[in-house]
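Structure first, commentary second.
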Amino acid sequence: MAKHGGFGWIGLYRPTDAELDVLAAEFDLHPLAIEDARKGHQRAKLERYGDTLFVVLRPARYLDDVEEVEFGELHLFVGPHFAITIRRAESPNLARVRRRLEAHPELLAKGPEAVLYAVLDEVVDEYSPVDAGLENDIDEIEEQLFSGDPQVTRRIYDLASEVMEFQRATRPLVGMFDALERGFEKYAVDLELQRYLRDVKDHVIRIVERGESFRQLLQNALQVHATLVTQRQNEEMKRLGETTLSQSEQSKKIASWAAIIFAPTLIAGIYGMNFDFMPELGWVAGYPFALALMTAFATSLYVIFKRRNWL
Amino acid sequence: MAKHGGFGWIGLYRPTDAELDVLAAEFDLHPLAIEDARKGHQRAKLERYGDTLFVVLRPARYLDDVEEVEFGELHLFVGPHFAITIRRAESPNLARVRRRLEAHPELLAKGPEAVLYAVLDEVVDEYSPVDAGLENDIDEIEEQLFSGDPQVTRRIYDLASEVMEFQRATRPLVGMFDALERGFEKYAVDLELQRYLRDVKDHVIRIVERGESFRQLLQNALQVHATLVTQRQNEEMKRLGETTLSQSEQSKKIASWAAIIFAPTLIAGIYGMNFDFMPELGWVAGYPFALALMTAFATSLYVIFKRRNWL
Amino acid sequence: MAKHGGFGWIGLYRPTDAELDVLAAEFDLHPLAIEDARKGHQRAKLERYGDTLFVVLRPARYLDDVEEVEFGELHLFVGPHFAITIRRAESPNLARVRRRLEAHPELLAKGPEAVLYAVLDEVVDEYSPVDAGLENDIDEIEEQLFSGDPQVTRRIYDLASEVMEFQRATRPLVGMFDALERGFEKYAVDLELQRYLRDVKDHVIRIVERGESFRQLLQNALQVHATLVTQRQNEEMKRLGETTLSQSEQSKKIASWAAIIFAPTLIAGIYGMNFDFMPELGWVAGYPFALALMTAFATSLYVIFKRRNWL
Amino acid sequence: MAKHGGFGWIGLYRPTDAELDVLAAEFDLHPLAIEDARKGHQRAKLERYGDTLFVVLRPARYLDDVEEVEFGELHLFVGPHFAITIRRAESPNLARVRRRLEAHPELLAKGPEAVLYAVLDEVVDEYSPVDAGLENDIDEIEEQLFSGDPQVTRRIYDLASEVMEFQRATRPLVGMFDALERGFEKYAVDLELQRYLRDVKDHVIRIVERGESFRQLLQNALQVHATLVTQRQNEEMKRLGETTLSQSEQSKKIASWAAIIFAPTLIAGIYGMNFDFMPELGWVAGYPFALALMTAFATSLYVIFKRRNWL
Amino acid sequence: MAKHGGFGWIGLYRPTDAELDVLAAEFDLHPLAIEDARKGHQRAKLERYGDTLFVVLRPARYLDDVEEVEFGELHLFVGPHFAITIRRAESPNLARVRRRLEAHPELLAKGPEAVLYAVLDEVVDEYSPVDAGLENDIDEIEEQLFSGDPQVTRRIYDLASEVMEFQRATRPLVGMFDALERGFEKYAVDLELQRYLRDVKDHVIRIVERGESFRQLLQNALQVHATLVTQRQNEEMKRLGETTLSQSEQSKKIASWAAIIFAPTLIAGIYGMNFDFMPELGWVAGYPFALALMTAFATSLYVIFKRRNWL
Ligand SMILES: [Mg+2]
Ligand SMILES: [Mg+2]
Ligand SMILES: [Mg+2]
Ligand SMILES: [Mg+2]
Ligand SMILES: [Mg+2]
Ligand SMILES: [Mg+2]
Ligand SMILES: [Mg+2]
Ligand SMILES: [Mg+2]
Ligand SMILES: [Mg+2]
Ligand SMILES: [Mg+2]
Ligand SMILES: [Mg+2]
Ligand SMILES: [Mg+2]
Ligand SMILES: [Mg+2]
Ligand SMILES: [Mg+2]
Ligand SMILES: [Mg+2]
Ligand SMILES: [Mg+2]
Ligand SMILES: [Mg+2]
Ligand SMILES: [Mg+2]
Ligand SMILES: [Mg+2]
Ligand SMILES: [Mg+2]
Ligand SMILES: [Mg+2]
Ligand SMILES: [Mg+2]
Ligand SMILES: [Mg+2]
Ligand SMILES: [Mg+2]
Ligand SMILES: [Mg+2]
Ligand SMILES: [Mg+2]
Ligand SMILES: [Mg+2]
Ligand SMILES: [Mg+2]
Ligand SMILES: [Mg+2]
Ligand SMILES: [Mg+2]
Ligand SMILES: [Mg+2]
């Protein structure tokens, strides 16, 4: 336990149930608060048990490689002469909070709300990289979207889930600050401290508003994506149409040429018949006549097919 | 009727109308409350009739095999010296509530609101498995969604209906707790009990917020699903295009080969004609000449078709 | 005019302008209220003109055969010693309201708000069958949706319009009850009557919340329907692809077989030529040799086509 | 300037800057109000400058031929002894307002708010035809939608824009009436006048609620339209599939018949060969034998093709 | 530093940290405000530190060529005898604000809120061109949308992002004006100044409401666009169907004609056989008989094909 001018600071990391029981007994902590600290999975909240404040916060880190927001959970008890922090994840950086309070004894002198302020400021400041990471990935998604990458569907869906979870973690803080403000007079909170708290509240509102606009951007991206997929379908269909057309044009040409080549065979067949009485066979010019007939026949077909655009 | 230090507890399961009438007469219960208890299908609510509280709650169970939320309805009368519970389904576990109150006589001593607290805590705690079951099925749906299973449409639709019904059951509780809080001063509710009630309220808000995010996730899933279906259509269309192209390529080749094989027949037909005057027939080299002509004709066609990419 | 212990009840059905004028003069009704009653097409509202209450209500019936909600309009004046109801449709069942008030003189003794309560209770109770009819049709729509009936588009659209109109009729009642509650103290409304009014308010809220969930269900149904239509398109496209493939497979086979049958004709043509010098013609084995050549040619083609999967 | 019992009414239509300056000087109008009146493009609002009310209203007309809502802008100054109206469009019908006030001096006696009431009533009454025109066009759109007219896309989009603009014009009026109500006590507004103003407020709320439902109907229509377009695509695709199938069936038949006709030619070719040793040629029954062979060959093919469903 | 009758005005453009420190020391500015001014990226807000007002504003310019809203950030300190403005972008036009205040010493005499008013009025007036630019581009988009330009997808998406950012910048101003109004009494703000501030607030609300309607218009445009893309797909598909039909009609005709030409060859082949006993060969009319047979065969096929619509 660290002491700073009559003020004790206890920082616990993943405490056992027994440690929590000892703590509860020594500092007379409320059983409901201890139960919350033990069970976890709470939303951010602020409770007053006598002159002890109990606060639950949801610090967050952005894991950019998997595009996930990782949430910790911080339980904070602040009494007139002590502060107890219980963490289960590495964030937030409470060492920095402590150094700050040690460096500013005049802040610590303002009472429990000052400690609360310092922790809130750190937690909220640590939301900024999350916010920046989400924005960055949304920018990437926009590029990916219009470049036609089909993987973007899942990426949008997953990032939207993360944004929603981040909003669920940060939005309750606004209500918490409102509650704090409503108690400024009742608990005679120092004017200067009020300003510090409002400064953090301001930061939280900015984070929440940006979270909301991220959600809307991803919603738009989903809808735009659906349209782009259909647009790509149109192009696919156009190409299919062109292919089909070109293929059948060629088939027609082959068939037409086959018919043209074939036509003279009919003449040849006729003059290959073995009838006894076929005057043309005896003609001196019979053979050239037949060749001429063949040529004429083929040429006629060629002209007809050409006119009908089959060739 | 069970008595605990001057406090009576009556638990009814599917009571008859006559039983309700007896009860109403003995405990002077308000006719409107009795009518609600008799007819059921109420939303969660809290009414004060003199010093008797009347509360309607909507306990829930998750039937994971059919992915449905099953709702019960609990009617609770709490007076200074008695508590009456009326159930029509098996949940919530009121035996546990009673054991808890028996084990904590100091809680019971805090008056009717303490009984109310204990019942509310149980009902709200029993919402947790519903919440977990819904989350689990949404996770499954996400996997199913991106794996391309067409059955997912109905599953999303049905689960969204269940989530909406669950929200309809849980959201009114927040207003009920707000009403309770507004009455804390008027009804001189014990400070400790206020804290217990706020603890349950906190749990309810968490359930409600998660329900809302489930609704949004399923909404996103519906939209993503539509896009994926179209995306799959694009692939279908691409495959159709490729099949069509490959088929017509082959057809062209067969036709081209048929034409090539056929072309020499024309020459054969010509020299099979029976004209008396056909000089080539008398040539010694007539036959090889004809064969050469045939080969030349076929080869020319082959070259032409090859050049036009018909072969 | 019916009198019950110093209290007069006048029920008008589609009154003429003259009748309304007589009424206004006799009971000193406010011109604005009379104008509203004359013109109709009002939203539900409550006005106090001195000690006379003026209420507009929108009773509803569900016409299940055409799936439409039919709205009536009820204008109600309640003074210390009279109640005037003006209807233009057959609902609500005011006879029942009157019988109820006659049977409960103690209720009537509580003043104008008691009459208002009885009418409100009837109107709101008559919303239940509408609510049930809408739910039933939504259930039918869900089945129709997934069974692939294209008529469901219009049915969803039309029912959503009806639900929206029903919401427009019922939502203002919540505000009306809020206004009544704000006046409980000022107008010294009997405590028991307050409870009765809250009971009806509870029913209204349930109706409004269910209306909202109907709207969302139909919204989801619309989106799901769009997806199902595209899904059916995929199946159509798949079938089209399979048909196209199967057809072109058969065409290829026919063409291949024609080419195979055709190939020997070339050999026959060659040995049908009339050249004087064709050694094979004089061979004893010439004929079998030609037949063997034909078979070999056809077989080669068969093998080639088989290998290329054209057969 | 028209005087009615010590009350002056000035109606200006598109005044010049100079006219406005003269007016401002004579009636001591506030520069901000004069600037608003000069520049226009204001939202509806109410300001009090001393005992002068300044009101901006947005009258509207429906141009049914182009399906557009045309907005005017009315600036109204009402002091204890004067009313000044400034219009730039022809609506609203201020002559009617003036006649009404002249006919009811008791109304005018209630002070500036009475003039405000009369103008508001006229402006809001003139919203009714807009509301009716929009509803009528939405009904037309519904018919057009399900009749499959592709022009409906733009019509829905454009009408939705008009509805949104109409909502932007009418919604601020609700806030304006709320502000007026909050001032009823402070400015000792006559009770009767309060009722008149509430009557208009009621009308405004009805207009606003209907506007909102128009917006939702058009939103639904947009989504339904997208589905219908895809549904029509399915039918197109089905028809394309049927056409393709029928065409390829016919092609197969032609090819099959050609092959059947062609097959006997092979036999003819064989017996047309000129080999010296071909025993069948010397048979008496050779010729019928060949014809039988041809018939058998063709028939076999016919049977085979028939079995394979190629014919 | 510029002095106007005991009032100093300091305008800084991109100050260094050292300059800010000097300023903070001289005017006793609050460290939190100085930190905000140093770090930037704040939302619009108003803080009171003693008798000094600290205001953050987000001026905007519309870059029409790239269709982007460019945001500046203005930090303003106003004390009883000084105003300090810190800018990082060129807008807003603070020179105009200063000239206005110099020209109206009576305004300056109303205290710090007067300076705040003048700056707010300028910043909000500069939102008008942004608003107009956005509206203009939305009009262009509507034309582009219905003209079928596929580039419109990205344009809608990008402009919607800009509109959302503009809304995020302007919406907090409404809350700021509300806060100012709540302080009117406490800080004894001059009545005239209250009116001036309300005039600006009015302008801001107009901007915010239009921003909201821009967002909805673009949302509608996105959905309409998706429908139009599908509609175009239907046309593509119809054209594909027609092409396919026309192509296969032609193929059928070519095949049919080939079969017709081919059929007589069979007859020719038969009479080209070399059987010793073929009675027709000896007939005088054999040859014409054969030609008649050929004609009959071809004609029959022609008639059959014609009837079956293959020709
Ligand atoms: Mg807890
Ligand atoms: Mg990344
Ligand atoms: Mg900070
Ligand atoms: Mg990244
Ligand atoms: Mg996830
Ligand atoms: Mg996560
Ligand atoms: Mg009831
Ligand atoms: Mg399951
Ligand atoms: Mg619990
Ligand atoms: Mg499961
Ligand atoms: Mg269901
Ligand atoms: Mg269910
Ligand atoms: Mg499609
Ligand atoms: Mg009226
Ligand atoms: Mg039905
Ligand atoms: Mg009832
Ligand atoms: Mg039905
Ligand atoms: Mg309709
Ligand atoms: Mg209807
Ligand atoms: Mg102005
Ligand atoms: Mg029209
Ligand atoms: Mg009117
Ligand atoms: Mg019309
Ligand atoms: Mg337009
Ligand atoms: Mg317009
Ligand atoms: Mg700050
Ligand atoms: Mg531009
Ligand atoms: Mg301005
Ligand atoms: Mg532009
Ligand atoms: Mg962007
Ligand atoms: Mg930008």
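Proteins get letters first, then strands, A, B, ... in listed order; numbering begins at 1 in each.
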What's the shortest heavy-atom distance between L240(E) and G241(A), and which atoms?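 Smallest interatomic distance, heavy atoms only, reads CD1-CA, 3.3 Å.
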
What is the minimum heavy-atom distance between L53(E) and L46(E), and which atoms define it?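 Shortest heavy-atom separation between L53(E) and L46(E) comes out as CD2-CD1, 3.9 Å.
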
So which residue, [options], ends up with the most heavy-atom pairs under 4.5 Å with chain E?
options: L145(A), I267(A), L245(A); answer: L245(A)
options: I260(A), L191(A), T265(A), L266(A); answer: L266(A)
options: T244(A), N274(A), D276(A); answer: N274(A)

Go through the atoms of [X] and report whether side chain, backbone, both or neither lie under 4.5 Å from a heavy atom of chain E.
X: A258(A); value: neither
X: L228(A); value: side chain
X: L301(A); value: side chain
X: A255(A); value: both

Using non-hydrogen atoms only, which part of [X] is less than 4.5 Å away from chain A: side chain, backbone, both, or neither?
X: H30(E); answer: side chain
X: Q167(E); answer: neither
X: Q250(E); answer: both

With sequence neighbours left out, write down each residue that passes side-chain hydrogen bond (donor to acceptor under 3.5 Å, both in side chains) with E280(A), or none if nothing qualifies.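 Testing E280(A) for side-chain hydrogen bond (donor to acceptor under 3.5 Å, both in side chains), a comparison that skips the adjacent residues, returns Y271(A), Y287(E).
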
What's the separation between atom CG in L20(E) and atom CG in L29(E), rounded to the nearest 0.5 Å?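 Here the interatomic distance stands at 9.0 Å.
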
Which residues in residues 211-218 of chain A have any heavy atom closer than 4.5 Å to a heavy atom of chain E?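 Result: S213(A), Q216(A), L217(A).
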
F289(E) ring center near F275(A) ring center (under 6.0 Å):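 That pair fails the under 6.0 Å test.
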
Sub-6.0 Å ring centroid separation between Y302(A) and W257(A):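 Aromatic pair counts; centres sit under 6.0 Å.
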
Please output the residues of residues 291-298 of chain E in contact with chain A, using a heavy-atom cutoff of under 4.5 Å, in numerical order.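 At a heavy-atom separation under 4.5 Å, chain A is reached by L291(E), M294(E).
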
Is atom CD of E106(A) surrounded by more than 12 heavy atoms (other residues, nucleotides or ligands) closer than 6.0 Å?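 Check passes, neighbour count above 12.
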
Which label fits Y127(A) and F166(A): parallel for a plane angle under 30°, tilted from 30 to 60°, or perpendicular past 60°?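 The rings of Y127(A) and F166(A) stand perpendicular, inter-plane angle above 60°.
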
Could you tell me which residues satisfy salt bridge (charged side-chain N to carboxylate O under 4.0 Å, His left out) with E249(A), sequence neighbours excluded, listed by chain and number?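 By the salt bridge (charged side-chain N to carboxylate O under 4.0 Å, His left out) rule, E249(A) matches K252(A).
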
